[in-house]
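Letters A, B, ... mirror the listed sequences (proteins, then strands); counts begin at 1. This is a predicted model, so every value here is computed, not measured.
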Amino acid sequence: MLDIQLLRTQPEQVATGLARRGAAIDLAPFEALEAERKQVQTLTQELQQKRNTLSKQIGMLKGRESKGEDVAASLADVMGEVAGLGDALKANEDKLAVLLAQLDAFVAQIPNLPHESVPDGRDETGNAEIARWGTPPVFDFAVKDHVELGEGLGGLDFETGVKIAGSRFTLMKGDIARLHRALAQFMLDTHTREHGYTEVYAPYLVNPDSMFGTGQLPKFEEDLFRVERSDGSRLYLIPTAEVPVTNIVRGEILETERLPLRFVCHTPCFRSEAGSYGKDTRGMIRQHQFDKVELVQIVPPEASWEALEQLTGHAETILQKLNLPYRKMALCAGDMGFSAAKTYDLEVWLPAQNTYREISSCSNFEAFQARRMQARCRDKGGKPRPVHTLNGSGLAIGRTLVAVLENYQRADGSVGVPEVLRGYMGGVEALGVR
RNA sequence: GGAGAGGUGGCAGAGUGGUCGAAUGUACCUGACUCGAAAUCAGGCGUAGGGAAACCUACCGUGGGUUCGAAUCCCACCCUCUCCGCCA
């Protein structure tokens, strides 16, 4: 959520920022609402003040009455004066509540403003390559994709996934399932031991407040899986661990000196993938359910830009240790997610597609999520101010598995196990070798 | 699922219709005393909105209601704890 003060005082700045995203905004309705809000709020508060004053007078008169004084006349006066207030006050309070709700709703659906360092651009073609690491492997045989490799190894079973649940679900078995688990373990261990993150286990279903806090609601409900409960309430399956983990600090006022908080969390992620029909339908690239190790940081406002570079580096470390070639992209303003002020995507080399594909997305949200969540920090004796939040995949496990299979494949259809994973694989050096 | 208890400021904990945004303790901040600390003493110390300011308004789990006036009474819901049942 943007700072409503910014909308009031610097509307041009907001409009300019949103225009970079390709999102035009009409501020006229906002300004009209604001003008009315101001007027109604002032009037309401004046009426409240009057009522409070008169009610206190009644209280004092009653007190004197109980001591035997005759105050009947003044009591009648005051009662008469307050009698007319009720309806007007109620009407104004109701009107104000509606206005405030409308203002909230308006501000809540405005995306974050891009940071000045974010490149211009309308869509993914505007993204800027920042760096490349590693060299795509050269094969002297016909390259297979992960579907062929995984099915050949007997460990990726798309048909059974479809039978059990439907399209975009996969069943993994045997060594592939173990490799998948090994990847998660390896990532968690690296981030906790080498990068200073605290491991977190979090709920996979969350309430609407949490989804609002990180910005999935109200605008993106169609991307979520929803669970209706018998009591009429609802929960949502998390589309990323970002949601439960960032919401750890919702409604909290933290001591600045105890920041930053760094959390790492491995969860399944559930995405309805509405609107992506026909896209990446083959294989494991785009699934309704996939696992991800997520990095989350809660930092003081002045520290978030340095933290974004660090956090992105933490995700890159995983790719480097796995020896997977990748490139680092700065998303352009038009391609960024709703809540982000700046996003780096890491794209891993996929030989079968002969291209780089997104495997991690690292973002600084500045105070955008913190304002929605009322997550604040306070210096000793100071005023509370919103924290800054960041997160990034470190990494998406399903896609990492795809990248390992394709980059480590051999002519006979077997697949080498990256050295850093062998300890998690009982020493196995390759899959499919007999 | 059944029965009971309870949700008040960072924490603890009073407050059952009238200057209660809320006693008291504790934590924290400032000052005094001290070489310094501890102890002691004095003052300060919730969040948010409006206002140039004085100051005003709202908030006692959430949402309704009664009332001139609600932390306090009524209704619904949520959450926590204890016991029983069930359960990985």
Whole-angstrom distance between B:rU24 and B:rA32, as gauged at atom P
25 Å
Using purine N1 to pyrimidine N3 plus N6-O4 or O6-N4 for Watson-Crick, or N1-O2 and O6-N3 for G-U wobble, each under 3.5 Å, what pairs with B:rU26?
B:rG10
From the set B:rG50, B:rG69, B:rU47, return the single nucleotide nearest to any side-chain atom of A:Arg376.
B:rU47
From the set B:rG49, B:rG50, B:rC68, return the single nucleotide nearest to any side-chain atom of A:Arg37.
B:rG50
Determine, stepwise, if the pair A:Ser304 / A:Asn364 fulfils side-chain hydrogen bond (donor to acceptor under 3.5 Å, both in side chains).
CA-CA 7 Å; A:Ser304 66; A:Asn364 182 5; 3.0 Å; yes
Pairing partner of B:rG17 (Watson-Crick or G-U wobble, both distances under 3.5 Å)
none
Just the rounded figure in Å: distance from P of B:rG51 to CD of A:Gln45.
10 Å
Under 4.0 Å between a side-chain N/O of A:Arg378 and OP1 or OP2 of B:rC29, yes or no?
no
Of all heavy-atom pairs between A:Leu237 and A:Leu224, which one has the smallest distance, and what is that distance?
O-CD2, 4.4 Å
Could you please name the option among B:rU57, B:rG50, B:rU19 that lies closest to any side-chain atom of A:Met60?
B:rU19
Among the nucleotides B:rG69, B:rG65, B:rG51, whichever has the atom closest to the side chain of A:Lys38 is B:rG51
Say we look at B:rG69 and B:rA53: how far apart would their P atoms be, to the nearest angstrom?
31 Å
Taking the same atom, P, in B:rC79 and in B:rC41, what whole-Å distance lies between them?
45 Å
Could you work out the separation of B:rG46 and B:rU8 based on their C1' atoms and round it to a whole Å?
12 Å
Side-chain N or O of A:Gln41 closer than 4.0 Å to phosphate OP1/OP2 of B:rA48
no
Does A:Asn52 place a side-chain N or O at less than 4.0 Å from the phosphate oxygens OP1/OP2 of B:rG69?
no
Taking CD in A:Glu306 as the centre, count heavy atoms belonging to other residues, nucleotides or ligands within less than 6.0 Å. Is the count above 12?
no
Any strand counts, and the cut-off is 3.5 Å on both contacts for Watson-Crick or G-U wobble. Which nucleotide pairs with B:rC87?
none
May I ask you to say what A:Ile58 touches in the nucleic acid, namely base, sugar-phosphate or nothing, with a heavy-atom cut-off under 4.0 Å?
base
Measuring only the C1' atom in each nucleotide, how far is B:rU47 from B:rG61? A whole number of Å is fine.
16 Å
Roughly how far apart, to the nearest Å, are B:rU82 and B:rA12 at atom P?
16 Å
Verify the contact: side-chain N or O of A:Asn207 to OP1 or OP2 of B:rC78, cut-off strictly under 4.0 Å; return yes or no.
no
Using the C1' atom as the point on both nucleotides, what is the distance between B:rG10 and B:rA54, in whole Å?
31 Å
Passing option when A:Lys321 is tested against A:Glu316, A:Glu194, A:Glu419 for salt bridge (charged side-chain N to carboxylate O under 4.0 Å, His left out):
A:Glu194
If you look at every strand shown and take non-hydrogen atoms under 4.0 Å, does A:Glu252 touch a base, only sugar-phosphate, or nothing?
nothing
Atom-to-atom span, CD of A:Gln48 to P of B:rA70 - whole angstrom
11 Å
Side-chain touch A:Val200/A:Val264, heavy atoms, less than 4.5 angstrom
no
Select base, sugar-phosphate, or nothing to describe what A:Arg8 touches, counting heavy atoms under 4.0 Å on all strands.
sugar-phosphate
Nearest 0.5 Å, please: how far is CG in A:Asn247 from CD in A:Glu252?
11.0 Å
Locate the shortest heavy-atom distance separating A:Glu294 from A:Ser393; write the atom from each residue and the value.
OE1-CA, 3.6 Å
Distance between C1' atoms of B:rU26 and B:rA39 (Å, rounded):
16 Å
Given B:rC56, B:rC68, B:rU19, the nucleotide with the shortest approach to the side chain of A:Gln49:
B:rC56
Taking the nucleotide of RNA chain B with the nearest heavy atom to each, does A:Met79 or A:Thr53 sit closer to the 5' end?
A:Thr53
Pairing nucleotide - B:rU80, Watson-Crick or G-U, each distance under 3.5 Å:
B:rA5
When you get a sec, tell me which of B:rG49, B:rA48, B:rU19 is the closest nucleotide to the side chain of A:Pro384?
B:rA48
